[in-house]
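I have placed the structure first, in the form of structure tokens, so that the comments after it can refer back to it.
Each chain gets a letter, A, B and so on, in the order its sequence line appears, and its residues count up from 1.
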Protein chains: 2
Amino acid sequence: MSAKPSGDKRKKTPESAPGAVWFRAEKTSRTRPQLSHERIIATAVELLDRDGVQKLSMRRLAERLGAHATSLYWHVATKDDVLDLALDAVFAELDLPDEHSASWQGDVEAFMTGLRSVLLRHPWAAALAGSRPLLGPHALRSSEFAYTALATGGFDGVHLSSAAATITHYVIGSASSEAVWRKRSDEAATRSAVDAHLRAHIDEYPTLAGHFPLLKEDDWDAHFHRGMRLLLTGLTSSEARG
Amino acid sequence: MSAKPSGDKRKKTPESAPGAVWFRAEKTSRTRPQLSHERIIATAVELLDRDGVQKLSMRRLAERLGAHATSLYWHVATKDDVLDLALDAVFAELDLPDEHSASWQGDVEAFMTGLRSVLLRHPWAAALAGSRPLLGPHALRSSEFAYTALATGGFDGVHLSSAAATITHYVIGSASSEAVWRKRSDEAATRSAVDAHLRAHIDEYPTLAGHFPLLKEDDWDAHFHRGMRLLLTGLTSSEARG
DNA sequence: ACCTGAACACCGTTCAAGT
DNA sequence: ACCTGAACACCGTTCAAGT
């Protein structure tokens, strides 16, 4: 199959004919805008949102940009760079207040729910975030917010970084899990198949059978909030602090 | 480059010569054992441990097994199947007690530290575990253990599954993060580069600068344990339960 | 400075054919 | 029942060459 409908080789209107100046783009051939860092990243995010991380290739990305795959390598070093940049672009969408609120717990909660929602907006992002260091400028900026909130809560030194890592791991882990489940169209079918399997082997899974989580789609939010409350309880208990 | 030293086409000792029976393999050509589910998985884990997930291909896996890539498809449907099976093989290494101890918190701790250590034994495993449903028999068996411990602690219904998900996300997230940092040979150099960057932009990162975590390799264990204690504190607080 | 073209060394997977 | 061989439609990346 694979009908290639592009072609793009028609020369119907000769560009060197008299009078053609008026219909020609102004200075250089602006039919396709030039490649740039930002355009590459924006398009990568767009393709990742549409087709997922497995389907993203340098060739597809370049095609979408009206360029050749090899041209991308003037702007980025590797495909991994593209993924890192796309991921940081997701963190850039995280909208955190400039000022911190009166309650540090409220700020922690704002960080967690905010991060979760941008990660869910781009279902490929959480898994990526969980598997590479988050060192982009926007990721660091979001870390700064979490660190400040926790520092206000009395955390310091190694306890501060442990607490920050813990809440971040929770958000990324739960978003990744939610994204991977929701991605599959047959979530409900898979869940009831697993549930049936567990009940059929109830001697091996006496507790798990009957507790396998989440069959309805509205449950995800509450599921996340329960875990978050658990963490906030732990954070608020004074023993945990430095 | 790529010197192919195999060849394997020499017929130095003619297999049909008189007396050759004694030197020939017994019944069928047993130079390479037959392909099997277990052999495929064991070899996949071996290659993943050695070269990482990025380098694993059906062709390399097959070569290592003395077979052709296409032969694998009689035993598994896709490469993803191989990864799922390899991941569950890691969960199979998790050695949990048959009986539960007197303290449910102790059991939760055993689950968390045990899972962490098998995941770190196979540095590719945590990232994988964070990005796909854990439905293999050995993963389910480990979930059963965690569920039972938490049920003993008073969790039930949706609170039980939320608590289980929370501790699992934490273990997988922190193991994944630790694995990815340790994998790179230049961890220390990267860390101090980040640290320098943060200090150079201290107006943007006033709290984060100076708190960027973990420069020494022994710190990982303590880092993990602090987060775990935080979770246990949250779990022990009665408000969190059903 | 930015992009193309050709090339290299790979991929996952299907399917008819062999034993 | 199990494996091979040929083939399809792809990959990431390098590098000399063009403008």
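Rounded to an integer number of Å, the gap from A/Q54 CD to D/dC11 P is 12 Å. Atom CG of B/L65 is separated from atom C1' of D/dC2 by 14 Å (rounded to the nearest Å). For the pair B/L83 CG and C/dG12 C1', the interatomic distance rounds to 12 Å; values are reported in whole Å. The CE atom of A/M58 sits 19 Å away from the P atom of C/dC11 (whole-angstrom rounding). Nucleotide C/dC3 holds its C1' atom 12 Å from the CD1 atom of A/I40, rounded to whole Å. When the P atom of D/dT13 is taken as reference, atom CG of A/L56 falls 11 Å away, rounded to whole Å. One can place OH of B/Y73 at 11 Å from P of C/dC11, the figure rounded to the nearest angstrom.
Remark: B/E178 engages B/R182 in a salt bridge, criterion side-chain N to carboxylate O under 4.0 Å. Salt-bridge check for B/D195 with B/R191: failed, with every basic side-chain N at 4.0 Å or more from each acidic carboxylate O. We find that B/R121 and B/E93 are joined by a salt bridge, their nearest charged nitrogen and carboxylate oxygen being less than 4.0 Å apart.
Looking at every heavy atom in both residues, A/L134 comes nearest to A/L140 through O-CD2, 4.0 Å.
Ring centroids of A/Y205 and A/F212 are separated by 6.0 Å or more, keeping the two rings apart.
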Sort me out a list of protein N/O and nucleotides 4-6 of chain C N/O pairs below 3.5 Å, or just none if empty.
residue : atom : partner : partner atom : Å
C/dT4   : OP2  : A/H68   : N            : 3.1
C/dT4   : OP2  : A/S71   : OG           : 2.4
C/dG5   : OP2  : A/H68   : NE2          : 3.3
C/dG5   : O6   : A/T70   : OG1          : 3.1

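Distances shown here put every side-chain N or O of A/R60 at or beyond 4.0 Å from the OP1 or OP2 atom of D/dC10. When the side-chain nitrogen and oxygen atoms of A/R59 are compared with OP1 and OP2 of D/dA9, none of them lie within a distance under 4.0 Å. Regarding contacts with the backbone of D/dC3, a side-chain N or O of B/H75 is found under 4.0 angstrom from either OP1 or OP2.
A 4.5 Å side-chain heavy-atom check between A/L56 and A/W124 finds every atom pair outside the cut-off.
The side chain to side chain contact (heavy atoms under 4.5 Å, CB included) test with B/R116 singles out one residue from B/D221, B/L94, B/I172, and that residue is B/D221.
For B/W74, counting side-chain heavy atoms from C-beta on, the closest listed nucleotide (C/dG12, C/dC2, D/dA1) is D/dA1. Among the nucleotides D/dA7, C/dA7, C/dC2, the one closest to the side chain of A/Q34 is C/dC2.
Of the possible donor and acceptor atoms, none in the side chain of B/R64 sits under 3.5 Å from a partner among the backbone N and O of B/T43.
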### Task
Starting at the 5' end of DNA chain C, write a dot or bracket for each base, bracketing those in Watson-Crick or G-U wobble pairs whose two distances are under 3.5 Å and using | for partners on another strand.
||.|||||...|||||.||

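For the P atoms, the distance from C/dA9 to D/dC10 is 22 Å, rounded to whole Å.
A/L61 comes within 4.0 angstrom of nothing in the nucleic acid, heavy atoms only.
Using a 30° and 60° split on the angle between ring planes, B/H211 and A/Y147 fall in the tilted class, from 30° to 60°.
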